[in-house]
Amino acid sequence: MTKEEMYLDINKWKKEKNAIILAHYYQDGDIQDIADYVGDSLALAQKASKTDAKIIVFCGVHFMAETAKLLSPKKKVLLPVMEAGCVMADMMNEKDIKKYREENPDTIILMYVNSTAACKQYADCCVTSSNALGIIDYYAKEGKKILYGPDKNLGSYAMKNSNVQLDLWNGFCGIHNGVKVSDVEDAMKLHPNAEFIAHPECNLDVLSKASYIGSTKQLIEYVTKSDKKEFIIGTEMGVIHEMEKKNPDKKFYLVSPRLKCYEMKLTRLEDLYNCLKNETNEIFIDEEVAKKAVKCVDKMLELSK
Ligand code: 13P
Ligand code: SF4
């Protein structure tokens, strides 16, 4: 079957079934192009909370589809590849965060959205890469101890930016954390006119070389508004699809060829096709867990208006 034939069926089923396709910027271009909405974690959560569709097909990784289900519990949320996880989210487990909560009842727990619903139950508020600094600042005013996790890199970046003291979980994204300062220096030598921009999941040494730091969506908006013509990109390769679509006159170089999230790339167009056709791979969350976990996501959306 050709891509065009699959697109025709997918568009037909979307109407017949009242389904919406949400996709993250790290998905393959073929999937981004057929999605109704492509976004960063925050924008996708906002979209999932507002849609009237009966079915949400979430092209991304498991925690993202889970977040959509928390926000739209009555809708059918489908994840085309159930095994598509997030290495960083798996670096925090429920047993450990539950123990932390029990031992630190007065600590504010701010949790990166890259975490399971089971862990989110113990958080006061969620954050994403696009709102973390603002939300951490907001809670810092309470003057209490704050735990931030699982991403220690985004946490270190927030501490450096706002002089807030955080307890950090020891998690990270292997893909972003793998970028080295020497990768940035080599890319800058190769492309002397290009500006380096990065995602806050990169480590602090790498971020210190960046002229702009932001979520996937913010990075795309930044290059689109900029007068510069060349950029070295410090996040997963999938963002370049949208950057090139929006800016055909500009050039984008990935800072390291290793910036490929294998979990995100597990989803192929065929998987989306079969998932929507057969309505398979539905996300279910235990009702008691969902009742508690949704609170920190709701709080984040309230603070991100
Ligand atoms: P964004 O929220 O910036 O899209 O990031 C999600 C993610 O998983 C980055 O690795
Ligand atoms: Fe998770 Fe890293 Fe993939 Fe983002 S890029 S989904 S943090 S493994």
Side-chain angles (χ1 to χ4, degrees), residues 22-28 31-32 35 37-48 58-68 71 79-92 110-116 119-120 126-136 148-155 157-158 169-179 197-203 206-207 210 212-223 233-243 254-267 297 300-301 304:
L22 304 182
H24 187 265
Y25 288 120
Y26 294 165
Q27 292 286 291
D28 274 340
I31 291 177
Q32 293 190 40
Y37 188 78
V38 189
D40 63 4
S41 309
L42 177 64
L44 290 168
Q46 286 167 328
K47 201 76 190 170
F58 207 115
C59 298
V61 291
H62 195 271
F63 78 83
M64 295 180 172
E66 241 187 9
T67 307
L71 292 166
L79 180 67
V81 176
M82 236 3 162
E83 300 74 38
C86 166
V87 180
M88 183 204 290
D90 293 341
M91 289 183 184
M92 180 186 273
L110 298 183
M111 198 170 289
Y112 198 32
V113 72
N114 297 38
S115 51
T116 62
C119 289
K120 284 187 176 82
C126 247
V127 312
T128 75
S129 54
S130 62
N131 60 20
L133 297 186
I135 292 181
I136 290 170
Y148 177 75
D151 186 17
K152 64 174 181 179
N153 284 344
L154 208 160
Y157 167 64
W169 205 261
N170 194 22
F172 56 88
C173 164
I175 292 111
H176 286 87
N177 195 55
V179 179
I197 60 171
H199 195 280
E201 287 174 16
C202 293
N203 64 62
V206 166
L207 293 179
Y212 181 75
I213 295 162
S215 75
T216 51
K217 184 166 182 267
Q218 289 168 336
L219 293 173
I220 293 165
E221 283 167 0
Y222 179 81
V223 301
I233 305 301
T235 192
E236 209 272 348
M237 55 175 61
V239 295
I240 293 182
H241 183 70
E242 183 72 7
M243 287 175 173
L254 201 63
V255 71
S256 154
R258 298 183 303 280
L259 275 166
K260 177 172 180 172
C261 176
Y262 287 92
E263 303 284 335
M264 282 280 183
K265 299 298 193 260
L266 283 176
T267 308
V297 186
M300 170 182 81
L301 294 183
S304 308

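One-based numbering, in listed order, for ligands and for the atoms of each. This structure is a prediction, so every number in the text was calculated from the model and none was measured.
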What protein heavy atom is closest to atom 4 (Fe) of ligand 2, reported as residue, atom name and distance in Å? Tyr26 CE1, 3.9 Å

Can you give me the closest heavy-atom contact between Leu154 and Ala132, atom names plus distance? CD2-CB, 3.4 Å

Closest non-hydrogen contact found for Gly149 with Trp169 is CA-CB, 3.6 Å

Check ligand 1 for N or O atoms under 3.5 Å from a protein N or O and list each pair with its distance.
from: ligand 1; atom 1: 2 (O); to: Ser41; atom 2: N; distance (Å): 3.1
from: ligand 1; atom 1: 2 (O); to: Ser41; atom 2: OG; distance (Å): 2.7
from: ligand 1; atom 1: 2 (O); to: Ser129; atom 2: OG; distance (Å): 3.3
from: ligand 1; atom 1: 3 (O); to: Ser129; atom 2: OG; distance (Å): 2.7
from: ligand 1; atom 1: 3 (O); to: His199; atom 2: NE2; distance (Å): 2.8
from: ligand 1; atom 1: 3 (O); to: Thr216; atom 2: N; distance (Å): 2.9
from: ligand 1; atom 1: 4 (O); to: His24; atom 2: NE2; distance (Å): 2.6
from: ligand 1; atom 1: 4 (O); to: Ser41; atom 2: N; distance (Å): 3.4
from: ligand 1; atom 1: 4 (O); to: Thr216; atom 2: OG1; distance (Å): 2.6
from: ligand 1; atom 1: 5 (O); to: His199; atom 2: NE2; distance (Å): 3.3
from: ligand 1; atom 1: 8 (O); to: Asn114; atom 2: ND2; distance (Å): 3.2
from: ligand 1; atom 1: 10 (O); to: Tyr26; atom 2: OH; distance (Å): 3.4
from: ligand 1; atom 1: 10 (O); to: Glu201; atom 2: OE1; distance (Å): 2.8
from: ligand 1; atom 1: 10 (O); to: Glu201; atom 2: OE2; distance (Å): 3.2

Could you walk me through whether Lys217 and Leu42 satisfy the side-chain contact (heavy atoms from CB on, under 4.5 Å) test, starting with their C-alpha distance in whole Å, then the side-chain angles of each, then the deciding distance to 0.1 Å, before giving a yes or no? CA-CA 9 Å; Lys217 184 166 182 267; Leu42 177 64; over 6 Å; no

If you apply the rule side-chain contact (heavy atoms from CB on, under 4.5 Å), what do you find for Val239 with Ile233, and how did you get there? CA-CA 9 Å; Val239 295; Ile233 305 301; 3.8 Å; yes

side-chain contact (heavy atoms from CB on, under 4.5 Å) assessment of Tyr112 paired with Met88: CA-CA 10 Å; Tyr112 198 32; Met88 183 204 290; 3.5 Å; yes

Got more than 12 heavy atoms from elsewhere within 6.0 Å of NZ, Lys47? no

Write down the atom of Pro80, the atom of Phe58, and the distance for their closest heavy-atom approach. CD-O, 3.1 Å

Partner of Glu236 under side chain to side chain donor-acceptor pair (under 3.5 Å), chosen from Lys265, Gln27, His24, His199: Lys265

So the protein N/O/S atoms within less than 2.8 Å of atom 2 (Fe) of ligand 2 come down to Cys173 SG

For side-chain contact (heavy atoms from CB on, under 4.5 Å), just list the numbers for Ile175 and Lys260, CA-CA rounded to whole Å, side-chain angles, deciding distance to a tenth of an Å, and then say yes or no. CA-CA 7 Å; Ile175 292 111; Lys260 177 172 180 172; 6.0 Å; no

Students often mix this up, so state it plainly: with edges at 30° and 60°, are the rings of Tyr222 and Tyr212 parallel, tilted or perpendicular? parallel

